[in-house]
Amino acid sequence: MSPAMALWVPLAGAVLIALAGRWPNLRETVTLVTTLTLVVVVAAVGIDVWEGARPYAHFAQPFPGIAIAFAVEPLGMLFAGIASLLWIVNSIYSIGYMRGNQEKHQTRFYVCFAVSIAGAMGIAFSANLFTLFLFYEVLTLATYPLVAHKGDADTIASARVYLGILLTTSIGLLLPAIIWVYVTVGTVDFVPGGVLAADPSFVPRGILEGTIEGPALGLLLALFVFGVGKAAVMPVHRWLPAAMVAPTPVSALLHAVAVVKAGVFTLLKVIVYIFGIDYLFEQHTADWLLWIAAFTILAASIVALRQTNLKRMLAYSTVSQLSYVVLAAAVLKPLSEVGAAVHMVSHAFGKITLFFAAGAIYVASKKTELAQLAGIGRRMPWTMAAFTVGGLTMIGVPPTGGFVSKWYILAGAFQSDNYLAIFTVILSTALNAAYFLPVVYAAWLLPEGEAPKQDHGEAPWPMVLALTTTAALSVLFFFFNAPVLELEYRVVEPWPGVVP
């Protein structure tokens, strides 16, 4: 199966959704059929990768040594699998949310969502930095109408912050970093072990015909880290809280399905396939990244602890959780790299569940503030049970997927005696508990401050189905994570002594 099919399916779906816009039932049927088709395509590509193949598709070569091409490896396969699987669940949830909340411009919503997933597939399967950059920008532009969906002045202003930060960082920092790599080594292809560390006989030489090392290597890494604004490493994180004006299904897209995952995936792939883990370790140029990631994790957790609005608390939680992936990648040890990849999965299941629950609470009761949630678990037991599972996933409590990823991150930190990473994970876990557990306690055990005029009950059933499904996935991932671990161990195969 050609990886290009993973791009064409959502794009074709976007066209058909637009054509079916006058008939809501048909439009939503087309959306669901498209999501299922994409999962089948991604699964077919995944089978090839599992069997050791590396599917490749070439489209054009606009510059010498630079192609628009797709090449699938285990890390990209994982990202594509997450995005395609959660698109199904998000689409089911969106049907209940958009109808239950009587949202306008629903056809535009579904079209832009499909184009955004196409952008995520392009990022996941990119064969080089140039292709990745193109689809990175596609994802930014396609999600802008979703963030600005409500259309009022405050929403438009926040959406402009979203667009401005992401475009400024990518064009002003990420693009120069890509050009620097190209003029140095003559290619921007992703190479096992790192293109910057590759033997000159295996890669072409660039205009500079040299190597990047020492402080220059650290500067290049900084351009990538802050140029990939979607990873939300402080101080380029403000776009994420600003985007909370979007409808909840869009928040789920931003925080769990595609956007932030595209950011941390890009950083992880750059560290592994552009710099090379061994090369960065030998040059000692990634130490500063540990401190930046640790600061982001702890600072965002403290900010989340002070929030009174549910979605803003979840937004800052996302900023913190993303930097777990960055921290794990910067540890530069096999187990931590596996932990970084696994955390993308566990965070996706947990955070999408939390946003689904927040949206269900809003649709059913119009409540958005933490102080309003006392006793709501008795009126919305399914929703709050799922929220509880999502919160425990963020904390890292077994039996949820968050425990698995934090276990591997800590194992990698102990492997390198990295006490900064160990301290950060332990302290941030306590902070996670400090802002999630009071919400859970209040929802289940405290009396309602003011009873609603009528018992609102649960949100529409598609929303409840979606959030209980993702909560179940978070628990199931704790028990059935072996295929993901085995696939991601292949990313770190060059290290001796690492056995799946």
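Keep in mind the model is a prediction, meaning the values are calculated, not measured.
More than 12 heavy atoms of other residues, nucleotides or ligands lie within 6.0 Å of CZ in Arg378, so this atom counts as buried by the packing criterion. Around CH2 of Trp50, the count of heavy atoms belonging to other residues, nucleotides or ligands within 6.0 Å exceeds 12. The number of heavy-atom neighbours closer than 6.0 Å to NZ of Lys366, taken from other residues, nucleotides and ligands shown, is above 12. Annotation: Arg108, atom CZ; neighbour count of heavy atoms from other residues, nucleotides and ligands within 6.0 Å is above 12.
Note that CG of Leu173 is 6.0 Å distant from CG of Leu223, once rounded to the nearest 0.5 Å. Rounding to the nearest 0.5 Å places CG of Leu473 at 7.5 Å from CG of Leu86. The distance from atom CD1 of Ile361 to atom CD of Glu458, rounded to the nearest 0.5 Å, is 9.5 Å. Here the CZ-CH2 distance, from Phe387 to Trp444, works out to 11.5 Å after rounding to the nearest 0.5 Å. Interatomic distance, Leu174 CG to Phe133 CZ, rounded to the nearest 0.5 Å: 6.0 Å.
Exactly one residue among Phe79, Phe125, Tyr273, Phe135 makes a ring pair (Phe, Tyr, Trp, His ring centres under 6.0 Å) with Phe265. That residue is Phe79. For the ring pair (Phe, Tyr, Trp, His ring centres under 6.0 Å) with Phe70, the lone residue among Phe190, Trp8, Tyr56, Phe59 that qualifies is Phe59.
His343 and Tyr324 have tilted rings, their planes meeting at an angle from 30° to 60° on a 0 to 90° scale.
In this model, a donor atom of one side chain and an acceptor atom of the other lie less than 3.5 Å apart for Asn90 and Ser94. A side-chain donor-acceptor contact under 3.5 Å links Ser474 and Thr393. Judged purely by distance below 3.5 Å, without hydrogens or angles, the side chains of Thr169 and Trp239 never pair a donor atom with an acceptor atom. Lys351 and Ser317 form a side-chain donor-acceptor contact under 3.5 Å, judged by distance and modelled atom types alone. Side chains of Thr143 and Ser116: no donor on one and acceptor on the other come within 3.5 Å.
Inter-residue side-chain proximity for Glu488 and Leu78 is flagged as met; some heavy-atom pair is nearer than 4.5 Å. Between Ser405 and Val345 the shortest side-chain heavy-atom distance does not fall below 4.5 Å.
Residue Thr470 comes nearest to Ile352 through the heavy atom pair CG2-CG2, 3.6 Å, listed as atom of the first residue, atom of the second, then distance. Nearest heavy atom pair, residue Thr353 against residue Ala471, reads OG1-N, 3.3 Å.
Listed by chain and number, the residues in a side chain to side chain contact (heavy atoms under 4.5 Å, CB included) with Phe403 are Pro398, Trp407, Phe478 (sequence neighbours excluded).
Taking the ring centre of Tyr136 as origin, the terminal cationic atom of Lys230 falls inside the region bounded by 6.0 Å and 45° from the ring axis.
A salt bridge links Glu73 with Lys269; the closest basic N to acidic carboxylate O contact falls under 4.0 Å.
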